[in-house]
Amino acid sequence: MMIIDCQVHAYEANTPKRPWHNVPNWPAHVTGDEMVAAMDKVGVDGAIFISAFGLYRYDASYAVEVQRAHPNRFAIVKPVDPDDPAVGDVIADWKRTPGAVGVRIMLTKEPGRDRDPADPGLDRIARAAAKHDLPVNVLFWGNLDAGTALIDRNPDTRFIIDHLAILQPRTPPAPEHPWADLPKVLELAKRKNAVIKVSGACTLSKQPYPFPDIWDPLARVFDAWGIDRCLWGTDWTRAYAVVNYEQAVEPFKNTDRLSDSERAMLMGGACAKAYRWSPKKA
């Protein structure tokens with residue numbers, strides 16, 4: 001079984017050479033080499049490396065460096081700026097970048113990310129991504145109505161919805177009602193131009209490792225979306241304070257709630273299909 005993590009964030013230490021925009025509650029560094037070592041330890045063959053917006057904003061140069069060093073292990077996704085009138089040219093250039101498989105936008109209620117879903121910049125990105133056959137990764141947890149409107153308004157664009165579209169904690173404990181938005185997530189499944197990342201799910205558990213209480217709500221996601229439209233991922237390192245990398249992988253590898261074919265699709269097949277990329281592990 002080929003295992004692909006649909007969302008990881010690697011980064012180097014905070015230095016004047018490439019300063020962080022802010023300092024999250026993450027380790028001082030998780031470099032590309034360190035990410036590969038963590039993946040090797042638990043049998044993950046490859047990953048979609050999402051350039052960390054919180055650290056680097058729209059600069060994906062570190063992701064490009066890591067992909068160049070590990071071309072068979074990482075594909076890369078770059079956040080793009082809705083306020084940039086030339087964002088179409090940025091996306092065209094990104095399409096030509098080795099290993100590039102998508103772009104990303106934020107549409108949450110956090111300061112600096114809270115946008116009108118009718119923002120013309122979002123439509124510019126959606127149109128350009130469709131033109132260049134790149135999926136748009138979109139984070140709209142806590143703001144599902146806005147995200148749904150964007151997807152509905154751009155039926156020719158492929159969307160990959162981040163993190164189950166459910167707000168996930170950066171630190172324990174899980175929220176009192178972690179799955180409160182699940183009905184809206186199930187309704188979203190009707191959008192045939194979208195797939196969904198089952199990433200960071202372990203952070204929503206109210207029980208200790210191996211997080212047995214995530215499986216009933218996830219079963220509803222799988223039923224609504226179809227397992228071939230669900231992409232497993234860890235969201236390492238954003239989830240660092242809640243789970244370590246091994247704890248985010250092993251529950252999915254070992255659960256009896258998935259058949260072998262379902263596991264293969266969830267933990268690799270659906271991701272390879274959505275991004276049109278597979279790793280080549282030696």
Output the distance between atom CZ (Arg73) and atom CG (Asp5), rounded to the nearest 0.5 Å. 11.5 Å
Under a 4.0 Å N-O cut-off, is there an ion pair linking Arg220 with Asp223? no
Spell out, as yes or no, whether a donor-acceptor pair under 3.5 Å connects the side chain of Thr157 to the backbone of Ala126. yes
Co-membership, hydrophobic cluster, residues Tyr56 and Leu139, 4.5 Å side-chain: no
For a side-chain contact (heavy atoms from CB on, under 4.5 Å) with Ile50, tell me which candidate from Ile76, Val77, Val8 qualifies. Val77
Separation between OH (Tyr58) and NE2 (His21), nearest 0.5 Å, reads 9.5 Å
Ignoring hydrogens and geometry, is there a side-chain-to-backbone donor-acceptor pair from Trp225 to Val185 under 3.5 Å? yes
Which heavy atom of Val101 sits nearest to which heavy atom of Pro135, and what is that distance? O-CD, 3.1 Å
Student check: side-chain heavy atoms of Tyr209 and Val243 closer than 4.5 Å: no
Has the side chain of Gln7 got a donor or acceptor atom that lies under 3.5 Å from a matching backbone atom of Lys197? no
Decide side-chain contact (heavy atoms from CB on, under 4.5 Å) for Glu262 and Arg257; before the verdict, give the C-alpha distance in whole Å, the side-chain angles of both, and the deciding distance to 0.1 Å. CA-CA 9 Å; Glu262 288 170 336; Arg257 295 288 294 264; over 6 Å; no
To the nearest 0.5 Å, what is the distance between CG on Asp162 and CE on Met106? 7.5 Å
Any Ile4 side-chain heavy atom under 4.5 Å of Pro279 side chain: yes
To the nearest 0.5 angstrom, please state how far the CZ atom of Arg238 sits from the CZ atom of Arg170. 6.0 Å
For a side-chain contact (heavy atoms from CB on, under 4.5 Å) check, start with the C-alpha distance between Glu187 and Thr148, then their side-chain angles and the critical distance, and finish with the verdict. CA-CA 10 Å; Glu187 173 67 21; Thr148 302; over 6 Å; no
Say whether Tyr275 and Asn137, considering side chains only, have a donor N or O and an acceptor N or O under 3.5 Å apart. yes
Is the number of heavy atoms from other residues, nucleotides or ligands under 6.0 Å of Lys95 NZ greater than 12? yes
Would you say that Asp133 contacts Arg158 through its side chain, given a criterion of any heavy-atom pair below 4.5 Å between the two side chains? yes
Met39 side chain near Phe74 side chain, heavy-atom distance below 4.5 Å: yes
When you check the side-chain N and O atoms of His9 and Asp235, is any donor under 3.5 Å from an acceptor? yes
Closest approach of Pro117 and Leu122, non-hydrogen atoms and distance? O-CD1, 3.9 Å
Quick one: CD1 on Ile166 to CG on Asp181, what's the gap to the nearest 0.5 Å? 6.5 Å
Is it the case that the side chain of Tyr62 and the backbone of Gly32 share a donor-acceptor pair, with hydrogens and angles ignored and the cut-off at 3.5 Å? yes
Please find the pair of heavy atoms, one from Ala129 and one from Val103, that lie closest to each other, and give the distance. CB-CG2, 4.4 Å
Judged by modelled atom types alone, do Asp59 and Ser61 share a side-chain donor-acceptor pair under 3.5 Å? yes
Got a sec: does the OH of Tyr240 have more than 12 other heavy atoms crowding it under 6.0 Å? no
Side-chain heavy atoms nearer than 4.5 Å, only ILVMFWY residues, links allowed to pass through others: does that put Val198 and Trp215 together? yes
Donor-acceptor contact below 3.5 Å, side chain Ser205 vs main chain Ala201: no
Under a 3.5 Å distance rule, please check whether Arg229 uses its side chain to pair with a backbone N or O of Ile196 as donor and acceptor. no
Can you tell me how far the CG atom of Leu107 sits from the CG atom of Leu144, to the nearest 0.5 Å? 10.0 Å
Just so I know, are the side chains of Met35 and Phe49 near enough to count as touching, which here means a heavy-atom distance under 4.5 Å? no
For a side-chain contact (heavy atoms from CB on, under 4.5 Å) check, start with the C-alpha distance between Tyr245 and Thr234, then their side-chain angles and the critical distance, and finish with the verdict. CA-CA 7 Å; Tyr245 193 66; Thr234 62; 3.3 Å; yes
Is the Lys NZ or Arg CZ of Arg57 less than 6.0 Å from the centre of Phe53's six-membered ring, within 45° of the axis? yes
Treating Ile, Leu, Val, Met, Phe, Trp and Tyr as nodes and any side-chain heavy-atom pair under 4.5 angstrom as an edge, say whether Leu164 and Trp141 lie in one connected cluster. no
Between Leu231 and Met2, is there a shared hydrophobic cluster once you connect ILVMFWY residues whose side-chain heavy atoms come closer than 4.5 Å? yes
Linking I/L/V/M/F/W/Y whenever any side-chain heavy atoms sit under 4.5 Å apart, do Leu186 and Leu266 land together? yes
Between Asp83 and Arg115, is there a side-chain heavy-atom distance shorter than 4.5 Å? yes
With a 4.5 Å heavy-atom cut-off, do Ile125 and Asp81 have their side chains touching? no
Step through the shown structure and confirm whether more than 12 heavy atoms of other residues, nucleotides or ligands are within 6.0 Å of CD on Glu176. no
For the residue pair Trp20 and Tyr11, does the interplanar ring angle fall in the parallel (under 30°), tilted (30 to 60°) or perpendicular (over 60°) class? perpendicular
Testing the basics here: between Ser199 and Cys6, what is the closest heavy-atom pair and its distance to 0.1 Å? CB-SG, 4.1 Å
Which atoms form the tightest heavy-atom contact between His29 and Glu12, and what is the distance? CB-C, 4.0 Å
Please state whether the rings of Trp232 and Phe252 are parallel, tilted or perpendicular, taking 30° and 60° as the class boundaries. tilted
Ignoring hydrogens and geometry, is there a side-chain-to-backbone donor-acceptor pair from Arg124 to Gly88 under 3.5 Å? no
Taking the side chain as everything from C-beta on, heavy atoms only, tell me whether Asn254 gets closer than 4.5 Å to Pro210. no
Please check if the number of heavy atoms outside Lys206 that lie under 6.0 Å from its NZ is greater than 12. yes
Salt bridge (Lys or Arg N to Asp or Glu O under 4.0 Å) against Asp156, all qualifying residues, sequence neighbours excluded: none
Go through Trp94 and His132 one step at a time and tell me if the side-chain contact (heavy atoms from CB on, under 4.5 Å) criterion holds. CA-CA 10 Å; Trp94 183 246; His132 296 288; over 6 Å; no
What is the minimum heavy-atom distance between Pro24 and Leu55, and which atoms define it? CG-CD1, 3.6 Å
